Amino acid sequence: MYVIGTAGHVDHGKSALVQALSGIDPDRWAEEKARGLTIDLGFAWCELPSGRAVSIVDVPGHERFIKNMLAGVGGINLALLVIAADESVMPQTREHLDILDLLDIDRGLVALTKTDLVDEEWLALVEEEIVELLNDTALAGSPIAPVSALTGDGIEELRTLIDSLIDDLPPIPDQGRPRMPVDRAFSISGFGAVVTGTLLDGDISVGDPVVIEPGRIECRVRGLQSHEESLDTAPPGARTAVNLSGVSANDIERGMVLTSPGWLEPTSAIDIRLRAVAGASRPLPHNATRTLHVGADEVQARIRLLEGDLLAPGDSTWAQLRLERPIAAARGDHFVLRSAEATVAGGRIVDTRPRRHHRNDQSTLQALQRLLDGSPDDTLLTVLQRMEPVRWSDLLARSELAVEEATAAIERQISGGSVVVLDEAVMSDSAVLISDTGLGALSARAEAIVKDYVNSNPLRAGLPREDLRSRLNLPQRAFSFLQELMTESGQLIVRDGAFDLPGRSVALSDVQQAQVDALLTRLKDQGVRPDTDAAFDGDLLEYLEAQGKIVRLKGGVNLDRRTFDDMVATTRVLLEAQERATLAEVRDRLGTSRKIAQAFLEHLDTNRITRRVGDARVLWRG
């Protein structure tokens, strides 16, 4: 279902024309009717000669209500630029045309209204002015239809022209991810909250769970209407009224977005392709603050130009917007920037979750260009390289591609070797993906971490496996894949559960060897009553433990290995003889202190030699 949107100067007859086409008065408010002036968005629909129905969004033309105009114009497929024959082109005609141009709305027509007020010669002059006005805009070459809403002249011809133009419109996109920028929210007694807007990128059905962003307001579709007819399912492109359960209309504001759960994440920064209005009065400077209009939302934004310090009228550049508060927008959405007085620029969103970029960085600008006009394969690879390694479900959400399109693209990348799956679950949501270049960088990073660790800890056997996994922030399966890859390539070796560099050996200096000899002699002499208060070099203790020469217990208890083995044998004999023994009995049999006996038994419990039962120990039987 397609949507037509009006545009044009105040009092040029937009609402009257909509009523003549549809039989519906789009002015909803008493103030609008009293003043004869459209203040907010109006809505109507009509049936065309082909029998199909189209929605109509009527926007205000007065300069004071441009923000309301922008709330409604974003979801239209065909622009109906209204110009009064008696006044011709006026200031808001030009600004509305600039807005349509910035939003890339390139399908439309001009309704030349109030033709009953002028003669043929004047009408011809106005048509010439309109043709000149449209040159160098997205609507260049659009047809012009003279009409009079008062007399009805040209209305049927206009309806037929609209029908023929719709024949040439591209299909409504359906990415399977419905979202609807909310342009109205209200309550109906007995039904509750109702929101309206133009449904984009997918359909919704009665009973569907939905979420409203920003705010993550979870609710459910209770009912659907389009053109005052109840629906079970609303298709993409439809002007839709959604009755919601589980939420109050007071919690919903214009500019929020109703969508399916789990993919649209609000953001406070966006990367954009930015184009300045050709007729702007002055350049747009770096770090300027302007009002961003996207969907039905508006928010203050600081503009970080990524190329140069000024954007001249009519020129384009890359930029990043830092927003005053989060918005719910998607990659590919069009937007407009306004000052307090005028529309100054607009363009398209290319990334909704960007990092902060260095300005004038060519690699950043090239990546943004790939996101703007690249294929699905380029888009996925570019997004992947910004996030890698990443789970497939997260990459899919971040790419904002249709599921089928993204799945086909990632399968091509995997088969071509540009993308590697870091575990066996190739296309599950939890599968971890990385680009081939990213995998090389990850391997180099892992090697550097291990090298730095062993250089800083020369007496240790290597970096514990779990420590490296934690530093790389990888799931277990993905880390196991990396481990296998790096050990097969010879970058790293694994010894006793730790990563080490190939060919490295642990060697003691003469001073350290003397310290080790003294420590071992001391522990042997102390036997079952070692000094637990002595301060020993931690690296030397770890070295001796790794060499199997000492056993380290909790509480600073260090035992000579032979002493420890003798203590284990003595404890086994005791427990085999009387089946169970208390801490005190083990202490007395070993001839040690309570502190050492407790640390010793806890160590045996951990290693499944003994098992605690109440206040006693028994042998572990499996």
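All values reported here derive from a predicted model rather than from experimental measurement.
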Asker: Is the closest basic N to carboxylate O distance between Asp297 and Arg325 below 4.0 Å?
Answerer: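 Salt bridge: yes.
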Asker: Give a yes or no answer on whether the side chain of Arg617 reaches the backbone of Arg611 with a donor-acceptor pair at less than 3.5 Å.
Answerer: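 Side chain of Arg617 to backbone of Arg611: no pair is present.
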Asker: Roughly how far apart are Ser393 OG and Arg398 CZ, rounded to 0.5 Å?
Answerer: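 Going from OG on Ser393 over to CZ on Arg398, the span is 13.5 Å.
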Asker: Could you check whether Asp531 pairs with Arg522 (Lys NZ or Arg NE/NH1/NH2 to Asp/Glu carboxylate O, under 4.0 Å)?
Answerer: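 Judged by the 4.0 Å cut-off on N to carboxylate O distance, Asp531 and Arg522 do form a salt bridge.
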Asker: If only side-chain N and O atoms count, and only distance matters, is there a donor-acceptor pair under 3.5 Å linking Asp232 with Ser205?
Answerer: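 No pair is found: no donor N or O on one side chain lies under 3.5 Å from an acceptor on the other.
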Asker: If the condition is salt bridge (Lys or Arg N to Asp or Glu O under 4.0 Å), which residues does Arg179 pass it with, not counting sequence neighbours?
Answerer: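 So Arg179 forms a salt bridge (Lys or Arg N to Asp or Glu O under 4.0 Å) with Asp201, Asp333.
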Asker: So, do Val568 and Arg572 sit near enough that their side-chain heavy atoms are less than 4.5 Å apart?
Answerer: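 Val568 vs Arg572: side chains touch.
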Asker: Between Arg304 and Arg356, does a side-chain contact (heavy atoms from CB on, under 4.5 Å) hold up when you go through it step by step?
Answerer: CA-CA 10 Å; Arg304 294 190 68 247; Arg356 189 176 180 89; 3.3 Å; yes
Asker: Quick one: are Leu439 and Leu485 in side-chain contact, heavy atoms under 4.5 Å?
Answerer: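 Side chain of Leu439 against side chain of Leu485, heavy atoms only: contact under 4.5 Å found.
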Asker: Indicate whether any N or O donor in one side chain lies under 3.5 Å from an N or O acceptor in the other, for Gln369 and Arg273.
Answerer: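 No - no donor-acceptor pair under 3.5 Å links their side chains.
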Asker: With sequence neighbours left out, write down each residue that passes ring pair (Phe, Tyr, Trp, His ring centres under 6.0 Å) with Phe564, or none if nothing qualifies.
Answerer: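 Scan of Phe564 (ring pair (Phe, Tyr, Trp, His ring centres under 6.0 Å), adjacent residues dropped) gives Phe600, His603.
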Asker: Any non-hydrogen side-chain atom of Arg477 less than 4.5 Å from a side-chain atom of Ser430?
Answerer: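 Result yes, sub-4.5 Å side-chain heavy-atom pair found.
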Asker: Once ring pair (Phe, Tyr, Trp, His ring centres under 6.0 Å) is applied, what residue pairs with a partner in residues 446-494 remain, sequence neighbours excluded?
Answerer: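 Pairs touching residues 446-494 that pass the test: Phe479-Phe499.
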Asker: Under the side-chain hydrogen bond (donor to acceptor under 3.5 Å, both in side chains) test, which residues partner Gln578, sequence neighbours left out?
Answerer: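 Gln578 satisfies side-chain hydrogen bond (donor to acceptor under 3.5 Å, both in side chains) with Glu585 once adjacent residues are dropped.
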Asker: Roughly how far, to the nearest 0.5 Å, is the SG atom of Cys219 from the CD1 atom of Ile252?
Answerer: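 With rounding to 0.5 Å, CD1 (Ile252) is 6.0 Å from SG (Cys219).
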Asker: Leu523 vs Ile550, test: side-chain contact (heavy atoms from CB on, under 4.5 Å). Steps then yes/no.
Answerer: CA-CA 9 Å; Leu523 291 180; Ile550 67 171; 3.8 Å; yes
Asker: Sequence neighbours left out, what passes salt bridge (Lys or Arg N to Asp or Glu O under 4.0 Å) with Arg177? Give chain and number order.
Answerer: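 Once residues adjacent in sequence are excluded, Arg177 has no partner under the salt bridge (Lys or Arg N to Asp or Glu O under 4.0 Å) criterion.
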Asker: Within a 6.0 Å radius of atom CD on Glu579, are there more than 12 heavy atoms belonging to other residues, nucleotides or ligands?
Answerer: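 No, because the 6.0 Å sphere around CD of Glu579 holds 12 heavy atoms or fewer from other groups.
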Asker: Measure the spacing between CH2 of Trp318 and CG of Leu365 and express it to the nearest 0.5 Å.
Answerer: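 Atom-to-atom, Trp318:CH2 and Leu365:CG are 8.0 Å apart.
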Asker: Is a side-chain donor or acceptor of Glu213 paired with a backbone partner of Arg216 at a separation under 3.5 angstrom?
Answerer: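 Checking the backbone N and O of Arg216 against the side chain of Glu213, a donor-acceptor pair under 3.5 Å is found.
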Asker: For Phe335, check ring pair (Phe, Tyr, Trp, His ring centres under 6.0 Å) against everything at least two apart and list the hits.
Answerer: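 Result, ring pair (Phe, Tyr, Trp, His ring centres under 6.0 Å) vs Phe335: none returned.
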Asker: Examine distances only and state if a side-chain atom of Arg587 and a backbone atom of Lys595 form a donor-acceptor pair shorter than 3.5 Å.
Answerer: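 Not a single qualifying donor-acceptor pair exists.
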Asker: Could you walk me through whether Asp271 and Arg386 pass the salt bridge (Lys or Arg N to Asp or Glu O under 4.0 Å) test, one step at a time?
Answerer: CA-CA 13 Å; Asp271 282 345; Arg386 290 182 167 199; 3.7 Å; yes
Asker: When rounded to the nearest 0.5 angstrom, what is the spacing between CG in Asn360 and CG in Leu306?
Answerer: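 So the gap between those two atoms works out to 8.0 Å.
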Asker: Is a donor from one side chain sitting under 3.5 angstrom from an acceptor on the other, for Thr610 and Asp605?
Answerer: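 Yes, because at least one side-chain N or O of Thr610 sits under 3.5 Å from a partner of the opposite role on Asp605.
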Asker: What residues, two or more places apart in sequence or in another chain, satisfy side-chain hydrogen bond (donor to acceptor under 3.5 Å, both in side chains) together with Arg322?
Answerer: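 By the side-chain hydrogen bond (donor to acceptor under 3.5 Å, both in side chains) rule, Arg322 matches Gln320.
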Asker: Taking atom types as modelled, is there a side-chain donor on Thr382 or Arg370 under 3.5 Å from an acceptor on the other?
Answerer: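 Side-chain D/A pair, Thr382 to Arg370: present.
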Asker: Using 0.5 Å steps for rounding, measure from the CE atom of Met567 to the OG1 atom of Thr563.
Answerer: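 So the gap between those two atoms works out to 8.0 Å.
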Asker: Report yes if the side chains of Val194 and Leu244 come closer than 4.5 Å at any heavy-atom pair, otherwise no.
Answerer: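 They are not in side-chain contact.
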Asker: Is there a side-chain contact between Pro389 and Leu422, using heavy atoms and a 4.5 Å cut-off?
Answerer: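 They are in contact (side-chain heavy atoms under 4.5 Å apart), so the answer is yes.
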Asker: Dump the intermediate steps for side-chain contact (heavy atoms from CB on, under 4.5 Å) on Leu292 and Ile327, then the final yes or no.
Answerer: CA-CA 10 Å; Leu292 169 71; Ile327 62 170; 4.0 Å; yes
Asker: With a 6.0 Å cut-off (strictly less than), is the heavy-atom count around CZ of Arg353, excluding the residue itself, greater than 12?
Answerer: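 Atom CZ in Arg353 is packed in, count exceeds 12.
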Asker: With Asp565, which residues qualify under side-chain hydrogen bond (donor to acceptor under 3.5 Å, both in side chains), at least two apart?
Answerer: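 Only Arg561 meet the side-chain hydrogen bond (donor to acceptor under 3.5 Å, both in side chains) criterion with Asp565.
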Asker: Judged by atom type as modelled, is there a donor-acceptor pair below 3.5 Å linking the side chain of Asp394 to the main-chain atoms of Val390?
Answerer: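 No: the side chain of Asp394 does not pair with the backbone of Val390.
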Asker: Checking side-chain contact (heavy atoms from CB on, under 4.5 Å) against Leu544, which of Asn558, Val551, Val516 comes through?
Answerer: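 Only one option passes, and that is Val516.
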Asker: Between the main-chain N or O of Asp517 and the side-chain N or O of Thr521, is there a donor-acceptor pair closer than 3.5 Å?
Answerer: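 Yes, because the side chain of Thr521 sits within donor-acceptor range (under 3.5 Å) of the backbone of Asp517.
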Asker: Who are the salt bridge (Lys or Arg N to Asp or Glu O under 4.0 Å) partners of Asp560, not counting sequence neighbours?
Answerer: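 In terms of salt bridge (Lys or Arg N to Asp or Glu O under 4.0 Å), with neighbours along the sequence ignored, Asp560 is linked to no residue.
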Asker: Taking Asn287's backbone N and O only, do any of them form a donor-acceptor pair with Arg302's side chain (distance below 3.5 Å, no angle check)?
Answerer: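 Pair found, side chain donor or acceptor close to backbone of Asn287.
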Asker: Would you say the side chain of Leu468 lies within less than 4.5 Å of the side chain of Val450, judging by non-hydrogen atoms?
Answerer: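 Counting from C-beta outward, Val450 and Leu468 do come under 4.5 Å.
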Asker: Do Glu602 and Arg612 come close enough that some side-chain heavy atom pair is under 4.5 Å?
Answerer: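 They are not in contact (no side-chain heavy atoms under 4.5 Å apart), so the answer is no.
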Asker: Quick one: does any side-chain atom of Glu388 pair with a main-chain N or O of Ser435 as donor and acceptor, under 3.5 Å?
Answerer: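 Judged by distance alone, yes, a pair lies under 3.5 Å.
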Asker: Got more than 12 heavy atoms from elsewhere within 6.0 Å of CG, Asn473?
Answerer: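 Not more than 12 within 6.0 Å, no.
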Asker: When you check the side-chain N and O atoms of Thr240 and Gln225, is any donor under 3.5 Å from an acceptor?
Answerer: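 There is no such pair between these side chains.
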Asker: Verify, without hydrogens or angle tests, whether Arg469 (side chain) and Leu474 (backbone) share a donor-acceptor contact under 3.5 angstrom.
Answerer: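 The answer is yes, because a donor-acceptor pair under 3.5 Å joins these two groups.
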Asker: Output every pair passing ring pair (Phe, Tyr, Trp, His ring centres under 6.0 Å) with a member in residues 191-221, not counting sequence neighbours, ordered by first then second residue.
Answerer: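 Counting only pairs at least two positions apart or across chains, no ring pair (Phe, Tyr, Trp, His ring centres under 6.0 Å) contact touches residues 191-221.
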Asker: So does Glu218 have more than 12 non-hydrogen atoms from other groups sitting under 6.0 Å from CD?
Answerer: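 Atom CD in Glu218 is not packed in, count stays at 12 or less.
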Asker: How about Asp510: does its CG atom have over 12 heavy atoms from other parts shown lying under 6.0 Å from it?
Answerer: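 No.
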Asker: Do Leu396 and Leu401 have side chains that approach each other closer than 4.5 Å (heavy atoms only, starting at C-beta)?
Answerer: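 Side chain of Leu396 against side chain of Leu401, heavy atoms only: no contact under 4.5 Å found.
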Asker: Please check this pair: side chain of Thr487 against backbone of Glu484, looking for a donor-acceptor N/O pair closer than 3.5 Å.
Answerer: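 Here the side-chain-to-backbone pair exists.
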Asker: Please report the interatomic distance CG(Leu472) to OG(Ser443), rounded to the nearest 0.5 Å.
Answerer: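 The CG atom of Leu472 sits 9.5 Å away from the OG atom of Ser443.
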Asker: Restricting to salt bridge (Lys or Arg N to Asp or Glu O under 4.0 Å), what partner residues turn up for Arg412, sequence neighbours left out?
Answerer: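 Checked Arg412 against salt bridge (Lys or Arg N to Asp or Glu O under 4.0 Å); matches are Asp377.
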Asker: So, the side chain of Thr352 versus the backbone of Ile270: is there a donor-acceptor pair under 3.5 Å, distance only?
Answerer: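 Judged by distance alone, no pair lies under 3.5 Å.
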Asker: Which residues pass the side-chain hydrogen bond (donor to acceptor under 3.5 Å, both in side chains) test with Thr364, not counting sequence neighbours?
Answerer: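 With sequence neighbours excluded, Thr364 shows a side-chain hydrogen bond (donor to acceptor under 3.5 Å, both in side chains) to Asp361, given in chain and number order.
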Asker: Using a 6.0 Å cut-off, check whether atom CG of Asp615 has over 12 heavy atoms from anything other than its own residue.
Answerer: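 No - once you tally the heavy atoms of other residues, nucleotides and ligands closer than 6.0 Å, there are 12 at most.
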